[in-house]
Amino acid sequence: MNSEFLQDKEIIVSSNRGPVLFKRDDKGKLELIRGAGGIVGSMIPFLQQTHGKWVSSAIGECDSYVNQKYHYNVPIPLEEPEYYLRFVETEEDVFNDFNGKFANPLLWFIHHSMWNPPYSPCADDELHQAWDSYQFVNRKFAEAIGNEVANSDKTPIVMLQDYHIYLTPRLIREQHPDVLMSQFVHIPFPPPEIFQQLPNHMQTEILESILTNDVLGFHIPRYMNNFFQTIKHILPTALVDEKLGDILYNGHTCHVRTYPISVDVKTLQKQAQDSKVIAKEKEVDEILGDCKLIYRTDRADLSKNIIRGFQAYDMFLDRYPEWREKVKFVATLMPSRQDIKIYREYTDNIRDMVREINQKHGTDDWEPIKYICRGIMTW
């Protein structure tokens with residue numbers, strides 16, 4: 001999008017995970033903490049340039065407090081704002097079903113082809129209750145975004161993000177049939193035989209809603225092609241033109257494209273000169289000493305192959321003992337989705353693996369893995 005096109009447009013970005021969250025420090029003062037993850041990193045620079053609005057879930061009392069204080073128009077930062085934020089507030093038990101039982105442990109696993117079909121997922125009463133909560137929260141998002149669309153003085157462009165709000169576009173389209181709307185899927189889209197592990201009515205409702213977008217984006221052609229094949233299997237009346245990348249369904253055309261997301265080079269270059277980054281670089285140098293460095297930073301997510309990465313390092317030290325005390329693996333990880341049992345277990349297993357490798361290969365003067373795990377992220 002060029003700057004001339006955007007002059008008379010109102011950008012409305014929406015995702016479950018917000019760009020920031022609010023917490024209180026030890027003295028009770030509100031502090032603003034930047035959110036983590038690819039959505040935040042990719043969309044913040046765009047919103048800063050367009051001074052748009054971000055609609056996301058409220059996580060905790062502090063988010064709800066500032067939401068009410070600023071009448072659903074929270075300036076970010078609070079002084080000299082670059083863009084604005086509206087939180088969607090949901091009762092804790094409903095949000096936990098929506099996020100912790102349906103979106104993350106079910107949809108996320110299906111998209112990554114990580115379910116074990118002989119045993120799971122199980123379409124029991126708990127799953128259908130979680131689906132009810134998923135529908136409810138999506139309606140809340142649609143209401144919030146619809147309110148922003150209705151009150152905009154400019155031409156609104158709605159940019160939905162990821163799988164938490166798959167049902168939102170159709171709900172918006174029902175109230176605002178002419179609004180320009182896109183959705184980007186930040187994770188893989190599975191082949192049809194995997195997506196069809198969902199109960200039939202959920203498959204249909206999700207896909208029919210997604211197709212009400214004007215533009216649908218994926219990272220790479222394989223994910224886009226999987227989506228095309230899924231549509232053909234589940235919605236056979238849809239007209240899929242794979243060459244053009246268009247799908248015609250119920251009189252509406254959805255343009256499906258790939259948009260590999262790059263990094264914000266200028267921001268990274270600026271941050272590299274920051275005094276805090278320079279101080280952290282010195283800290284890493286002290287940890288490293290004269291050793292070669294292997295470094296990774298990530299969320300402790302099931303899809304990231306973290307344990308296998310440590311196992312490979314263990315094998316390396318076994319096969320090439322001459323590298324002992326000459327290399328150090330520094331891993332900075334953030335726990336992810338600790339409200340879900342399998343994620344908590346995975347985080348514990350990572351910690352146990354690090355301990356085993358350090359005990360097996362370490363010496364009085366050398367720790368093979370420096371493991372830094374901070375923060376809890378439950379969104």
Note to self: Closer than 4.0 angstrom, basic N to acidic O: yes or no for Arg173 and Asp214?
What the structure shows: yes
Next item on the list: State plainly whether the residues Lys53 and Glu10 are in salt-bridge range, i.e. N to O under 4.0 Å.
Entry: no
Notebook entry, point to check: Counting only heavy atoms not in Asp153, do more than 12 fall under 6.0 Å of its CG?
Noted result: no
Notebook entry, point to check: Does Tyr65 have Lys69 sitting over its ring (NZ/CZ under 6.0 Å from centre, angle to axis within 45°)?
Noted result: no
Checklist line | Heavy-atom closest contact (His233 atom, Pro192 atom, distance) | finding: ND1-CG, 3.8 Å
Checklist line | Salt bridge present between Lys140 and Glu143 (N-O < 4.0 angstrom) | finding: no
Checklist line | Neighbour count above 12 (heavy atom, 6.0 Å) for Glu92 CD | finding: no
Checklist line | ring pair (Phe, Tyr, Trp, His ring centres under 6.0 Å) assessment of Tyr320 paired with Phe316 | finding: CA-CA 6 Å; Tyr320 304 98; Phe316 169 78; 5.6 Å; yes
Checklist line | Least distance between heavy atoms, Ile165 atom then Pro169 atom | finding: O-CD, 3.4 Å
Next item on the list: Using a strict 4.0 Å threshold on nitrogen-to-oxygen distance, state whether Asp25 and Lys29 make a salt bridge.
Entry: no
Margin query: Give me the atom names and distance for the closest heavy-atom approach of Phe228 to Gly245.
Written below: CZ-CA, 3.8 Å
Notebook entry, point to check: Taking everything shown except Tyr223 itself, do over 12 heavy atoms lie less than 6.0 Å from its OH?
Noted result: yes
Item checked: More than 12 heavy atoms from other groups under 6.0 Å of CD on Glu89 -> yes
Note to self: Taking atom CG as the centre, does Asp290 end up with more than 12 heavy-atom neighbours from other residues, nucleotides or ligands that are less than 6.0 angstrom away?
What the structure shows: no
Notebook entry, point to check: Would you call the rings of Tyr259 and Phe184 parallel, tilted or perpendicular if under 30° counts as parallel and over 60° as perpendicular?
Noted result: tilted
Margin query: Is the ring pair Phe310/Tyr371 parallel, tilted or perpendicular, if the boundaries are 30 and 60 degrees?
Written below: perpendicular
Checklist line | Criterion salt bridge (Lys or Arg N to Asp or Glu O under 4.0 Å) on Asp285 and Lys282, from CA distance to verdict | finding: CA-CA 5 Å; Asp285 288 340; Lys282 292 180 180 178; over 6 Å; no
Next item on the list: Give the ring-plane orientation class for Tyr163 versus Tyr166, where under 30° counts as parallel, over 60° as perpendicular and anything between as tilted.
Entry: perpendicular
Next item on the list: Step through the shown structure and confirm whether more than 12 heavy atoms of other residues, nucleotides or ligands are within 6.0 Å of NZ on Lys360.
Entry: yes
Checklist line | N-O pairing of Arg351 and Asp348 below 4.0 Å | finding: yes
Item checked: NZ/NE/NH1/NH2 to OD/OE distance under 4.0 Å, Arg319 and Asp314 -> no
Notebook entry, point to check: Which word best sums up how the rings of Phe227 and Phe189 line up, parallel for under 30°, tilted for 30 to 60°, or perpendicular for over 60°?
Noted result: perpendicular
Notebook entry, point to check: Just checking, is any N or O donor in the side chain of Thr332 or Tyr295 under 3.5 Å from an acceptor N or O on the other one?
Noted result: yes
Notebook entry, point to check: With a 3.5 Å cut-off and no angle check, do the side chains of Asn104 and His164 form a donor-acceptor pair?
Noted result: yes
Notebook entry, point to check: NE2 of His219: more than 12 outside heavy atoms within 6.0 angstrom?
Noted result: yes
Next item on the list: State, to 0.1 Å, how close Asn226 and Pro190 come at their nearest heavy-atom pair, and which atoms those are.
Entry: CB-O, 3.3 Å
Next item on the list: Answer yes if the side chains of Asn16 and Ser57 hold a donor-acceptor pair under 3.5 Å, and no otherwise.
Entry: yes
Next item on the list: Considering non-hydrogen atoms only, spot the tightest contact between Val327 and Tyr313 and give its length.
Entry: O-OH, 3.6 Å
Check: In terms of side-chain heavy atoms, does Ser182 have a donor or acceptor partner in Asn213 at a distance below 3.5 Å?
Finding: no
